[in-house]
Every structure is written in structure tokens, then in C-alpha cells.
There are 2 protein chains.
Amino acid sequence: MSIPIPLRRPIAPVREASTDTACDNPRVSKPSTIVNLRELRQSCADCALSQLCLPASIGGADLERLDDIVRQRMPLDRGGVLFREGSAHPSLFVVRSGSLKTFVSLPEGDTQILGFHIAGELVGLDGLAGNGHQCTAEALERSSLCEVPFASLSDVAAKVPGLQHQLFRVMSREFVREQQHPVMMGRKQAMSRLAIFLRSLSERLRGIGHDPLELNLSMSRQELANYLGLVIETVSRLFSRLQAQGVLAVDRRIVRILQPAALAALAEKSDDEGK
Amino acid sequence: MSIPIPLRRPIAPVREASTDTACDNPRVSKPSTIVNLRELRQSCADCALSQLCLPASIGGADLERLDDIVRQRMPLDRGGVLFREGSAHPSLFVVRSGSLKTFVSLPEGDTQILGFHIAGELVGLDGLAGNGHQCTAEALERSSLCEVPFASLSDVAAKVPGLQHQLFRVMSREFVREQQHPVMMGRKQAMSRLAIFLRSLSERLRGIGHDPLELNLSMSRQELANYLGLVIETVSRLFSRLQAQGVLAVDRRIVRILQPAALAALAEKSDDEGK
DNA sequence: TCGTTTGGTTGACCAGGATCAAGTCGCGCC
DNA sequence: GGCGCGACTTGATCCTGGTCAACCAAACGA
């Protein structure tokens with residue numbers, strides 16, 4: 001099954017004010033992709049995501065060393081590519097606002113989406129093994145990110161033990177998150193898969209202070225189906241069924257969870273027993 | 001779908017000589033689970049896996065600091081549990097010989113196998129996020145491992161930049177390996193899934209110097225089916241079909257790849273086109 | 001040597017989800 | 001407004017893989 005990759009918009013820096021919601025620090029005002037140190041330090045210290053991100057439990061002086069190497073990227077528009085499979089000079093990215101997908105391309109022209117990434121989540125861990133990035137990361141909507149070139153990160157982490165430790169923590173956190181994907185795909189009932197996905201997204205939104213019952217899906221049905229290992233028609237039917245049962249209120253990509261308990265039951269239902 | 005977890009054999013240390021094949025260094029001779037420093041240093045330096053493992057590109061003096069914290073575990077028998085979901089004091093493990101599976105338990109009593117791990121591979125990355133291990137690791141056959149308590153590892157990595165770097169590399173390597181699981185599960189044709197698995201295992205065996213065409217499966221059909229997101233009968237039928245087509249020679253758990261090209265074609269066949 | 005057990009294979013049948021094919025809706029554009 | 005397009009929905013049909021059940025064979029113990 002192939003996903004038609006939408007045409008890429010140019011990735012050139014955009015100048016107008018971004019629509020970030022997760023952070024409320026000063027806007028970048030220069031066309032450069034690297035803001036000056038003063039602005040940056042402030043951004044890490046003030047960032048609403050700092051507790052989820054690298055700065056967590058790092059003191060003021062050490063935080064400056066981190067600031068030295070963190071680059072704040074210009075916002076990426078929908079379809080903008082953060083990195084591609086095989087690209088050298090890998091970086092670690094933290095999503096500040098918006099959302100991305102990561103995917104690999106398969107021999108016959110198919111793709112497999114590996115994950116969706118919302119604010120506070122790391123992207124690019126696959127690039128640290130020394131062979132460049134192993135997947136492609138693309139924005140699902142206008143998104144802003146912080147970039148940490150891996151080479152510098154490694155250096156600074158060696159000098160700042162707290163950062164090293166936190167880096168291990170967040171890497172492990174992403175590793176565990178990734179493990180949820182095969183758990184979901186292992187379910188043989190399509191309904192379970194969707195329910196697991198919705199609950200997981202709901203929890204992640206809660207983690208960044210959003211209403212966990214109001215899901216604003218940034219991915220298309222096609223992308224969601226691909227991620228779930230289903231076809232688009234099945235996903236569409238599942239949404240309709242959940243809407244008919246009163247579990248969800250679905251309005252295009254806006255999904256409201258009306259009966260969290262019912263959704264949980266669907267997610268946990270095992271494959272064999274009572275279908 | 002539930003996997004019946006086999007009865008655990010006692011995990012008590014066993015004294016007789018182990019059957020390791022990957023390493024040919026001196027056998028542990030004391031009932032203690034920690035061998036003395038002299039023996040250990042030698043083991044890391046001499047270990048056939050050192051290039052895949054943490055010592056890679058670490059010099060003599062630094063290697064000793066690593067040796068200080070690496071514990072060589074008594075071999076685990078089939079069914080022996082390395083760690084369980086939720087267990088505190090997480091460690092990183094490197095498989096020296098044998099093989100393990102990692103899995104999570106699901107609400108309704110089901111399980112999902114997350115991966116099979118052969119010599120040279122890391123197990124336990126899920127435990128570094130600070131909430132203990134998030135899955136259970138169990139030996140599929142008699143296996144020996146090296147253990148690195150994460151707390152000490154973190155300390156030493158802070159002092160040995162080369163180790164820190166190598167640690168990032170191997171973590172990323174395991175991260176990428178893990179990403180192959182959903183790629184495989186995303187295929188809708190059962191045959192593709194099995195073919196992808198067999199090829200991947202074959203490649204991993206090649207990486208540790210084994211014959212890549214002679215697969216000695218250490219997991220049961222049940223475990224394999226669970227990993228692939230299929231039922232045991234389907235897996236059994238697939239093996240029979242591949243045998244009938246002359247692609248494989250299957251004798252219980254010994255699988256010989258007779259037509260690597262045919263297997264590759266099956267693995268890469270996309271879901272839509274031609275069947 | 002024979003039961004017994006455990007793991008695996010094979011067959012018959014069925015159903016859930018894929019496929020194929022029409023619609024429908026929302027939205028930008030002229 | 002009306003057109004056209006892409007994203008999504010819905011229906012009808014088919015087929016792969018799940019289910020249920022019987023069978024087989026290697027390993028083990030009495």
C-alpha cells in the first residue's frame with residue numbers, strides 16, 4: 001500500500017510570526033537560522049517544555065553551555081522535511097510546537113510511518129548510530145523545533161553530567177514510546193488498534209497540558225491508516241462506528257472523546273475473547 | 001491472543017561449564033555473580049563481541065574503568081528471567097551468547113513480544129527512563145550476558161568520553177533495530193512478514209560471524225507468531241509453503257535458506273501489486 | 001515399550017478487513 | 001455562484017488469515 005507523498009513546499013525560512021503555542025518566548029527576528037545566545041538562553045529557561053526536554057534538572061551555569069549549542073529552527077510548514085533517510089550530520093530535534101511524522105521508504109515505493117511526534121518529544125534518535133538518519137521526518141502542520149547537532153551535544157554532555165543523564169532518560173523514554181507501536185500493531189482487531197492510538201495520543205496531550213479529550217488530529221486518514229497497519233477505508237469506518245456508538249464525536253480531523261471508559265474497553269479487549 | 005508462558009525454571013546460578021560460543025574467554029569458576037576484576041578485564045578485551053559492544057574504540061586505561069562496573073552474569077537457562085516489568089535498579093545487558101525475548105504483558109492476560117535478542121545485542125534500554133524496566137526479558141535458551149548497572153554506567157560514561165559516545169551509538173543502533181518491527185508488522189501479507197523476519201535474522205547472524213543461511217530458531221512457533229502479529233497456524237502454513245516451494249528447508253526449528261533471492265522477493269513484495 | 005505430553009502441522013470453515021467502486025463533503029479558485 | 005479537486009465516507013464483494021478441531025511426531029518418563 002502506497003501513501004502518496006504530498007508535494008513539498010519550499011523549506012526556506014519564513015519570516016512572519018509563528019503560531020507556536022507551547023512556548024511564549026521572544027520571537028526570532030532575524031533571517032538567520034541561529035538566534036543569538038542571549039535570546040536562546042532565555043528560551044530554554046522559559047520554555048514550557050523544559051521539564052520534558054534536555055534542560056530538566058540542569059542548573060543555570062550548565063544551562064548556558066547547553067544554550068550554546070541549541071539552535072532554534074525556523075518554523076517548518078506542512079510538508080516541510082526536517083531530515084531525510086541517509087542524511088549525514090545528524091541532529092537531535094525537540095518539537096516545540098506543531099507535529100511531525102517519521103517514516104521509512106520501502107523497496108516497492110511504499111512507506112511505513114513510524115511515529116507522530118508532538119510538542120516535547122524527541123525526533124532524530126535514529127541518526128546517532130553513525131550512518132546518518134534512518135528515516136525521514138516531515139511536518140504535519142506548521143511546526144517549530146529546536147535542533148541540537150549531535151556532535152556538539154556529545155561534547156557538552158561529556159562536560160555536564162546532569163545533561164548526559166537527562167539525555168539517557170529522554171532517549172529511553174522515546175525508546176519505550178516506540179515500543180508501543182508494535183504493541184498496537186500486534187492487536188488483530190482493527191478497532192483495538194484505533195482505540196489504543198487515540199488513548200495514547202490523549203495521554204500525550206495531557207502530558208503537555210492540553211485537554212486530553214479534545215483531539216485535533218494533524219495527520220490525514222491515509223497517514224493514520226498507514227501508521228495503524230490498516231487501509232484508509234477501514235479507519236474511516238471505525239470512526240463512523242465510534243461516532244454512531246456515541247464514543248466519539250468526529251468532525252473531520254477534530255475528535256472529541258465522549259466516553260473514555262468505552263474507548264479504554266475497546267483498547268484493552270483481547271483478540272480472542274468475545275470478539 | 002494469549003501466549004502460555006512456560007513454567008519458569010529456577011534462576012539460581014548454575015555451576016557447570018556454559019556452552020557459550022560467542023566468547024572463548026576463561027570460565028567463571030566461583031558461585032558469585034561478579035567475577036574478579038582481573039578476569040573481567042580480560043573478558044572485555046578478549047571478547048569476540050567487543051567491536052559491537054561498549055568497549056569499541058576505547059583504549060586500554062579507559063577499558064579498565066569500564067571493566068570495574070561490568071558484571072558477568074551466571075548463564076540463564078531457558079525460561080530464566082533477566083528482569084521484569086517494573087523492576088527497579090535497571091541495568092543494561094549485552095547478550096554474550098544464546099538469545100532472549102523481551103515482551104510486555106497486556107491487560108487481558110495477553111502478551112506482545114517486542115524483540116528477540118542474539119549475541120552482541122543490547123537488552124534493557126527501556127529501563128533508563130527512571131521508571132524501572134518497561135518490559136520483561138526472558139532467555140529462549142541457555143544464555144550468558146554481561147550486566148552494566150545503569151547508575152554506574154552513567155558515572156563512568158561521564159569520565160570516559162569515548163564510552164559515552166559508543167553508548168549513544170549502540171543505543172541508537174538498537175533504536176533503529178526496533179523500528180524494523182513496525183515496518184514488518186505494517187505489511188498486510190503474512191508471507192511478507194515472515195520473509196522480512198527471516199532475512200533480518202539472517203543479516204544479524206551474519207553480523208556475528210554465523211552462516212546467514214542456516215537459521216537455528218530459538219523461539220517457538222507460538223513466540224514467532226506473536227512477534228509477527230499472526231497466529232501459530234498461519235506461521236506453520238507459511239513455513240510449509242516455503243518448504244514446498246523450495247525456498248526453505250525446514251526441520252523443526254532449523255531453517256535453511258535455499259533461495260535467498262526468492263525470500264528477498266517475498267519480503268519486498270508490496271501489499272497491493274500482484275496479490 | 002508404551003502412554004503421555006508438548007509443540008507443531010494440516011484441514012474445513014468463517015469473518016473481518018482489504019479491495020473495488022461510487023458517492024459526498026469541504027474548500028479554494030475563477 | 002459554480003467548478004474542480006482532494007480528502008473522506010459508504011456500500012458491495014472477495015479473500016486472506018483467524019478459528020476450531022483433528023492429527024502427528026518427537027521427547028520423556030514409568
Side-chain angles (χ1 to χ4, degrees), chain A residues 1-7 9 78-79 110 140-141 184-195 216-244 248-255 266 269-275, chain B residues 1-7 9 78-79 110 140-141 184-195 216-244 248-255 266 269-275:
Chain A
M1 194 213 58
S2 306
I3 284 208
I5 305 288
L7 290 175
R9 320 278 151 56
R78 167 164 177 82
D110 302 351
L140 291 170
E141 61 190 316
M184 177 278 291
M185 280 192 152
R187 318 304 355 246
K188 286 173 201 73
Q189 298 294 317
M191 185 58 93
S192 284
R193 295 196 197 178
L194 179 59
N216 203 328
L217 304 182
S218 55
M219 72 292 296
S220 69
R221 294 284 191 271
Q222 180 69 265
E223 289 164 328
L224 181 50
N226 179 281
Y227 177 75
L228 298 175
L230 301 170
V231 296
I232 184 174
E233 295 95 326
T234 303
V235 171
S236 183
R237 275 184 252 269
L238 291 173
F239 274 123
S240 301
R241 229 165 90 199
L242 289 172
Q243 164 121 291
L248 301 180
V250 183
D251 174 23
R252 289 183 61 68
R253 295 193 182 177
I254 298 169
V255 175
L266 290 168
K269 176 143 45 185
S270 84
D271 288 321
D272 29 42
E273 56 117 328
K275 198 232 318 289
Chain B
M1 193 214 58
S2 307
I3 284 207
I5 305 288
L7 290 175
R9 320 279 152 57
R78 166 164 177 81
D110 302 353
L140 290 171
E141 61 189 315
M184 178 277 292
M185 279 191 152
R187 321 290 17 228
K188 286 173 201 70
Q189 298 295 317
M191 186 57 93
S192 285
R193 296 196 196 176
L194 180 59
N216 203 330
L217 304 182
S218 55
M219 72 292 295
S220 68
R221 294 285 192 271
Q222 180 68 266
E223 290 164 328
L224 181 52
N226 179 281
Y227 177 77
L228 299 175
L230 302 170
V231 294
I232 183 175
E233 294 95 328
T234 303
V235 172
S236 184
R237 275 185 251 269
L238 292 173
F239 273 123
S240 302
R241 227 165 91 198
L242 289 172
Q243 164 121 291
L248 301 180
V250 183
D251 173 24
R252 290 183 60 67
R253 295 193 182 177
I254 298 169
V255 175
L266 291 168
K269 175 143 47 186
S270 84
D271 290 320
D272 28 43
E273 55 118 325
K275 199 235 325 280

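Numbers restart at 1 for each chain; the letters A, B, ... are given by sequence-line order, proteins then strands. Values below: all heavy atoms of this structure, side chains included; hydrogens, waters and symmetry mates excluded.
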> Measure from the side-chain N and O atoms of B/Arg78 to the backbone N and O of B/Leu140, and report whether any donor-acceptor pair falls under 3.5 Å.
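Here the side-chain-to-backbone pair exists.
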> Contact class for A/Arg241 vs. all strands (heavy atom < 4.0 Å): base, sugar-phosphate, or nothing?
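The answer is nothing, as A/Arg241 stays clear of every strand by at least 4.0 Å.
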> Expressed as a whole number of angstroms, how long is the span from B/Arg221:CZ to D/dA26:P?
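Atom-to-atom, B/Arg221 to D/dA26, this comes out as 14 Å.
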> How long is the line joining CZ of B/Arg237 and C1' of D/dC20, in whole Å?
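B/Arg237 atom CZ is separated from D/dC20 atom C1' by 11 Å.
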> Atom CE of A/Met191 and atom C1' of D/dG18: how far apart are they, to the nearest Å?
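Taking CE of A/Met191 and C1' of D/dG18, I get 19 Å after rounding.
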> With the side chain counted from C-beta on, respond yes when B/Val235 and B/Tyr227 share a heavy-atom pair under 4.5 Å apart, and no when they do not.
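A side-chain contact is absent here, since even the closest heavy-atom pair is not under 4.5 Å.
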> From the options D/dT10, C/dG17, D/dT16, select the nucleotide whose nearest atom is closest to the side chain of A/Thr234.
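Minimum distance to the A/Thr234 side chain belongs to C/dG17.
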> Are side-chain heavy atoms of A/Leu228 and A/Met185 found at a separation under 4.5 Å?
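No - every pair of side-chain heavy atoms lies 4.5 Å or more apart.
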> For the pair made of CZ in B/Phe239 and C1' in D/dC24, what is the distance, rounded to whole Å?
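These atoms are roughly 18 Å apart.
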> It should be established whether A/Ser240 places a side-chain nitrogen or oxygen under 4.0 Å from OP1 or OP2 of nucleotide D/dT10.
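Yes, because at least one side-chain N or O of A/Ser240 sits under 4.0 Å from OP1 or OP2 of D/dT10.
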> Rounded to the nearest angstrom, tell me the gap between atom CD in B/Gln243 and atom P in C/dG8.
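My rounded result for the distance is 15 Å.
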> Can you tell me if A/Gln243 uses its side chain to pair, donor with acceptor, with the backbone of A/Val250 under 3.5 Å?
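Looks like yes, one N/O pair under 3.5 Å.
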> Would one find a side-chain N or O of A/Gln189 under 4.0 angstrom from OP1 or OP2 of C/dG17?
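A/Gln189 to C/dG17 OP1/OP2: side-chain N or O found under 4.0 Å.
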> Is a donor-acceptor contact shorter than 3.5 angstrom present between the side chain of B/Glu233 and the base of D/dC20?
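When only heavy-atom distances are counted, B/Glu233 does reach the base of D/dC20 through a donor-acceptor pair under 3.5 Å.
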> Looking for any heavy atom pair under 4.0 Å, which part of the strands does B/Ser236 touch: base, sugar-phosphate only, or nothing?
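It contacts base atoms.
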> Flag yes if more than 12 heavy atoms outside A/Arg241 fall under 6.0 Å of its CZ atom; otherwise flag no.
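Not more than 12 within 6.0 Å, no.
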> Tell me the interatomic distance from A/Leu242, atom CG, to D/dT10, atom P, rounded to whole angstroms.
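These atoms are roughly 12 Å apart.
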> Looking at every strand, decide which applies to A/Arg253 at a 4.0 Å heavy-atom threshold: base, sugar-phosphate, or nothing.
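Contact class for A/Arg253: sugar-phosphate only.
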> Give a yes/no on whether any side-chain N or O of B/Arg252 is located under 4.0 angstrom from OP1 or OP2 of D/dA26.
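Indeed not, no polar side-chain atom of B/Arg252 lies that close.
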> Between P on C/dG8 and CG on B/Leu224, what's the gap in Å once rounded to a whole number?
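Spelled out: CG on B/Leu224 to P on C/dG8 is 10 Å.
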> Separation of A/Arg193 atom CZ from C/dG16 atom P, in whole Å?
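So the two atoms are 14 Å apart, to the nearest Å.
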